[in-house]
Amino acid sequence: MPVIYEAKIDGSNAIRYFHFSLIRLYLDQAYEHALKSKDDDEDRLLASSIIAIMFSAMALEAFANEISEDLIPKEELNDFVRLRKAYKQKEQESSLVAKLRILFERKHNHSLSTEQINSIETLVVFRNNLVHYKLSELAGKYIMPPARQTQLGENRSMITLDFMLKPEGVEPPFIQHVNIEAALSSFNTALSIINTWGIQSGELDNVPGLEIIT
């Protein structure tokens, strides 16, 4: 359970906690900007999509952390957060998927579907790439013909690079994938996971007013 009151008998002040959940706030922001991405012009589409993706990831992170305080023994919370000892993540599993998997299994003996897990992992990749944006790694790539090597004589050669040649292929930059589809999918993923928890808890609509965006 979340800490509500702490007191010692050494004469020091007691502490009474008042909590503020951010899950619904984050979900509402993700929903608002996912919807905006459908109507935005090209100049604002990227901003709305990024906001929707980031708030969707933040909603799931907050959800996992808040639920863990209610479910994981206090003395084990640090192990859960660090995914160690009894809370180890699987190989090639993101920390967010690991936390959600553990919580669903412990509370409801329920396994998330492969589709849900894949959608969370996709959301994590988007979030990580945006937070830790790497200019060269995430750049677009023109696949050009090989450099031409011309022999000029014994032990002499010249390398020619022709930037006017037509590319043989194009790999689009990561940012082109940050679009309407990504924004909608990110929000739908967050809402689906939280709704699944509600259903497993006997609450058919634990996020009133929000629905999957088609």
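- Residues A64 and L96 share a closest heavy-atom pair of CB-CD1, 4.4 Å.
- Minimum interatomic distance between E168 and P145 (heavy atoms only, all atoms of both residues): OE2-CA, 3.5 Å.
- Residues P73 and L77 are not in side-chain contact: their nearest non-hydrogen atoms beyond the backbone lie 4.5 Å or more apart.
- Two residues are said to be in side-chain contact when any heavy atoms from C-beta on lie closer than 4.5 Å; L45 and S37 meet this criterion.
- Within a 6.0 Å radius of CD in E75, other residues, nucleotides and ligands contribute more than 12 heavy atoms.
- With side-chain heavy atoms closer than 4.5 Å counting as contact, directly or through intermediates, I199 stands alone and belongs to no larger hydrophobic cluster.
- Using modelled atom types, one side-chain atom of S68 and one backbone atom of N65 make a donor-acceptor pair closer than 3.5 Å.
- A heavy-atom distance below 4.5 Å is not found between the side chains of I175 and L138.
- Considering only heavy atoms from C-beta on, R82 comes within 4.5 Å of N78 through its side chain.
- Enclosure of atom CD in E115 is not indicated, since only 12 or fewer non-hydrogen atoms of other residues, nucleotides or ligands lie within 6.0 angstrom.
- Side chain to side chain, T196 and Q116 meet the donor-acceptor criterion of an N or O pair below 3.5 Å.
- The environment of NZ in K141 is crowded: more than 12 heavy-atom neighbours from other residues, nucleotides or ligands sit within 6.0 Å.
- Residues I15 and Y5 have side chains not in contact (no heavy-atom distance under 4.5 Å, counting atoms from C-beta outward).
- In this structure, M54 and V131 have side chains that are in contact, with non-hydrogen atoms separated by less than 4.5 Å.
- Two residues are said to be in side-chain contact when any heavy atoms from C-beta on lie closer than 4.5 Å; S94 and V97 meet this criterion.
- Applying the under-4.5 Å side-chain rule to Ile, Leu, Val, Met, Phe, Trp and Tyr, the cluster around L22 extends to F20, L25, Y26, I51, F55, M58.
- Ring geometry for F187 against Y31 counts as tilted: the plane angle lies between 30° and 60°, on a 0 to 90° scale.
- Separation of atoms CG (L27) and CD1 (I194) is listed at 4.0 Å; rounding is to 0.5 Å.
- Looking at E171 and Y142, their side chains never bring a donor and an acceptor atom within 3.5 Å of each other.
- A 6.0 Å sphere centred on CG of L204 holds no more than 12 heavy atoms belonging to other residues, nucleotides or ligands.
- One finds a salt bridge joining E93 and R101 here, because a Lys/Arg side-chain nitrogen approaches an Asp/Glu carboxylate oxygen to under 4.0 Å.
- Between I117 and L112 the shortest heavy-atom distance is CD1-O, 3.8 Å.
- The 12-atom threshold is not exceeded at CG of L135, counting heavy atoms of other residues, nucleotides or ligands nearer than 6.0 Å.
- Within a 6.0 Å sphere centred on CG of D162, heavy atoms belonging to other residues, nucleotides or ligands number more than 12.
- D40 and S48 share a donor-acceptor pair across their side chains, judged by distance under 3.5 Å alone.
- Residue-environment remark: CZ (R84) exceeds the threshold of 12 foreign heavy atoms within 6.0 Å.
- Annotation: ring pair (Phe, Tyr, Trp, His ring centres under 6.0 Å) contacts involving residues 89-136, sequence neighbours excluded, comprise F104-H110, F104-W197, H108-W197, F126-F174.
- Here the closest heavy-atom approach between residue A98 and residue Q89 is recorded as CB-CB, 3.4 Å.
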Side chain to side chain contact (heavy atoms under 4.5 Å, CB included) between N195 and V207, worked out: CA-CA 7 Å; N195 272 339; V207 192; 3.7 Å; yes

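- A side-chain donor-acceptor contact under 3.5 Å links E66 and S21.
- Listed here is the closest heavy atom pair of S49 and A183: CA-CB, 3.9 Å.
- For E137, the salt bridge (Lys or Arg N to Asp or Glu O under 4.0 Å) partners two or more places apart in sequence, or in a different chain, are K134.
- Counting only heavy atoms from C-beta outward, the side chains of L184 and K38 approach each other to under 4.5 Å.
- Summarising the hydrophobic clusters (Ile, Leu, Val, Met, Phe, Trp, Tyr; side-chain heavy atoms under 4.5 Å, direct or chained), the residues clustered with M164 are none.
- Within the structure, every pair that satisfies the salt bridge (Lys or Arg N to Asp or Glu O under 4.0 Å) test and touches residues 7-34, not counting sequence neighbours, is listed here: R24-D28.
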